[in-house]
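To start, the structure itself, in structure tokens.
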Amino acid sequence: MLTAHIEKRLADFTLCADFEIGPEILVLFGPSGAGKTMTLNCFAGLIAPDRGRIVLGDRVLSDPAAGVHVPTRDRRVGYVFQNYALFPHLTVRENIAFGVGRAAEARARVDKMLALTRLGDFATRYPAQLSGGQQQRVALARALATRPDLLLLDEPFSALDAPTRMQLRRELCELQSEFKIPMVFVTHDLGEAYFLADKLAVMDAGMILQIGAPGEILRRPQDLRVARAVGVKNILPGIVETANRVRVGDAVLDVPPYPFKPGAPVHVCLRPERIMLLRPERAGRSSDENAFHGALIREMSDGMNATLYFRAEDLRLAPALDYDLQIELPVYIYERLDLSRQREWTVSLRKNAIHLIGD
């Protein structure tokens with residue numbers, strides 16, 4: 001178990017982090033400058049917090065009030081850096097063995113790490129003879145070979161190509177299952193955060209804005225800063241009419257029941273991938289929830305997903321913009337629907353896709 005209550009003040013920045021995790025992967029997600037790496041450095045002992053307490057298992061690593069600051073070398077914390085930090089003059093085996101020792105037990109441990117990270121065939125090579133993915137495996141193996149009680153990973157896959165990143169994410173999950181220790185992983189890639197996290201912490205400006213299960217945070221961000229951070233593209237101003245009805249512009253939406261009083265201003269949040277396009281032959285059915293007719297005014301694609309910009313007919317949901325809703329579809333669906341030709345559509349805003357945030 002890792003328990004952290006950290007406060008660190010700099011001239012123009014304050015870090016405040018408070019959480020507890022077990023043998024699971026906690027992902028610190030947020031933009032550059034949010035304080036993610038500083039949090040890792042506090043755990044590693046590279047930075048001493050001004051206030052708070054860090055407890056790993058039954059060991060207090062940091063407690064400024066009690067004068068406790070365990071040196072980095074005594075913390076039993078593994079650290080995988082973004083640039084790998086391998087020793088160029090040592091082979092793969094020697095890099096992994098660094099800090100482990102030369103006893104027979106240590107050699108057996110290195111052999112196990114070579115097998116777990118699929119590096120057995122590269123044991124005698126030097127870092128310059130390895131691919132980026134192989135170098136990252138060496139860094140992981142070296143960090144885990146010392147049998148740490150905690151593993152820290154600072155954007156370790158950011159410099160790798162997409163297939164290699166995906167492979168290493170899977171391997172990291174397998175290693176976590178093998179070692180069963182707390183791992184704290186830093187990233188600003190939402191897809192990576194969602195894939196890896198048992199628990200997700202959204203950070204910004206030195207603060208943890210929300211922490212919990214990834215799916216829960218994506219579906220129910222607790223405020224606008226979190227909503228925007230996790231990719232909620234449709235945030236519409238609304239006024240509560242009843243417990244399950246909200247007025248947005250000239251429209252009234254059916255929503256799940258929320259504890260807001262009538263007349264309360266709210267923000268209606270809709271993830272772009274949860275808005276449904278209804279085929280012409282289907283539009284108008286009584287089962288369609290919050291259905292609006294309109295037109296697609298433009299679209300963008302990155303080759304994997306398409307973002308559509310929809311303007312409702314005779315109804316402005318977002319009067320400050322030239323469109324009302326952003327919709328995201330996989331490219332194969334976009335191409336199959338032939339949206340380049342058919343521009344008029346009906347969309348459905350399902351109640352279970354709507355999340356309300358108080359003003």
Side-chain angles (χ1 to χ4, degrees), residues 1-22 24-57 59-72 74-75 77-83 149-156 158 182-190 192-194 196-214 216-218 220-232 235 267 357-359:
M1 183 72 71
L2 171 67
T3 305
H5 308 278
I6 302 170
E7 183 176 324
K8 179 66 179 179
R9 294 184 179 274
L10 303 178
D12 56 353
F13 184 85
T14 299
L15 172 68
C16 293
D18 189 347
F19 55 80
E20 181 177 279
I21 61 169
E24 57 192 334
I25 300 178
L26 168 69
V27 174
L28 303 182
F29 168 76
S32 299
K36 306 184 298 295
T37 297
M38 183 181 291
T39 302
L40 295 192
N41 289 340
C42 287
F43 293 150
L46 303 175
I47 293 177
D50 298 322
R51 292 189 181 90
R53 210 161 183 256
I54 301 173
V55 181
L56 181 57
R59 297 184 297 126
V60 178
L61 302 185
S62 178
D63 187 344
V68 176
H69 181 73
V70 176
T72 298
D74 298 327
R75 293 200 170 201
V77 172
Y79 204 145
V80 180
F81 298 92
Q82 185 174 358
N83 62 356
D149 294 329
L150 169 67
L151 181 64
L152 311 175
L153 304 104
D154 190 5
E155 299 196 61
S158 61
M183 296 183 179
V184 184
F185 188 104
V186 161
T187 185
H188 59 262
D189 182 320
L190 182 60
E192 183 168 72
Y194 191 86
L196 288 173
D198 297 303
K199 188 176 289 184
L200 176 65
V202 180
M203 293 189 70
D204 192 24
M207 297 179 59
I208 293 180
L209 305 179
Q210 187 172 351
I211 185 168
E216 179 67 16
I217 292 177
L218 265 64
R220 297 180 180 86
Q222 67 183 19
D223 59 37
L224 291 184
R225 291 171 69 186
V226 177
R228 293 188 178 104
V230 298
V232 177
I235 302 176
H267 300 278
I357 295 175
D359 195 3

If we ignore hydrogens and angles and just use 3.5 Å, is the side chain of [X] paired with the main-chain N or O of [Y] as donor and acceptor?
X   : Y   : result
R9  : D50 : no
E7  : T14 : no
R59 : R75 : yes
K36 : P31 : yes

Search all heavy atoms of [X] against all heavy atoms of [Y] and return the closest pair with its distance.
X    : Y   : answer
I208 : D18 : CD1-N, 4.0 Å
F13  : A34 : CZ-O, 3.8 Å
K8   : P49 : CD-CA, 4.2 Å
M203 : L15 : CE-CD1, 3.9 Å

Applying the side-chain contact (heavy atoms from CB on, under 4.5 Å) criterion to [X], which one of [options] satisfies it?
X    : options                : result
D154 : F81, Y79, F185         : Y79
V184 : L40, L151, V77         : L40
V27  : L196, D198, V202, L153 : L196

Test log, rule side-chain contact (heavy atoms from CB on, under 4.5 Å), inputs F29 and L190
CA-CA 7 Å; F29 168 76; L190 182 60; 3.9 Å; yes
Please report the interatomic distance [atom1]([X]) to [atom2]([Y]), rounded to the nearest 0.5 Å.
X    : Y   : atom1 : atom2 : answer
D63  : H5  : CG    : NE2   : 10.5 Å
L200 : L26 : CG    : CG    : 8.0 Å
K199 : E20 : NZ    : CD    : 7.0 Å

Sequence neighbours left out, what passes salt bridge (Lys or Arg N to Asp or Glu O under 4.0 Å) with E192? Give chain and number order.
R169
Under the criterion side-chain contact (heavy atoms from CB on, under 4.5 Å), I'd like the reasoning laid out for T3 against R53: C-alpha separation, chi angles, the key distance, then a yes or no.
CA-CA 8 Å; T3 305; R53 210 161 183 256; over 6 Å; no
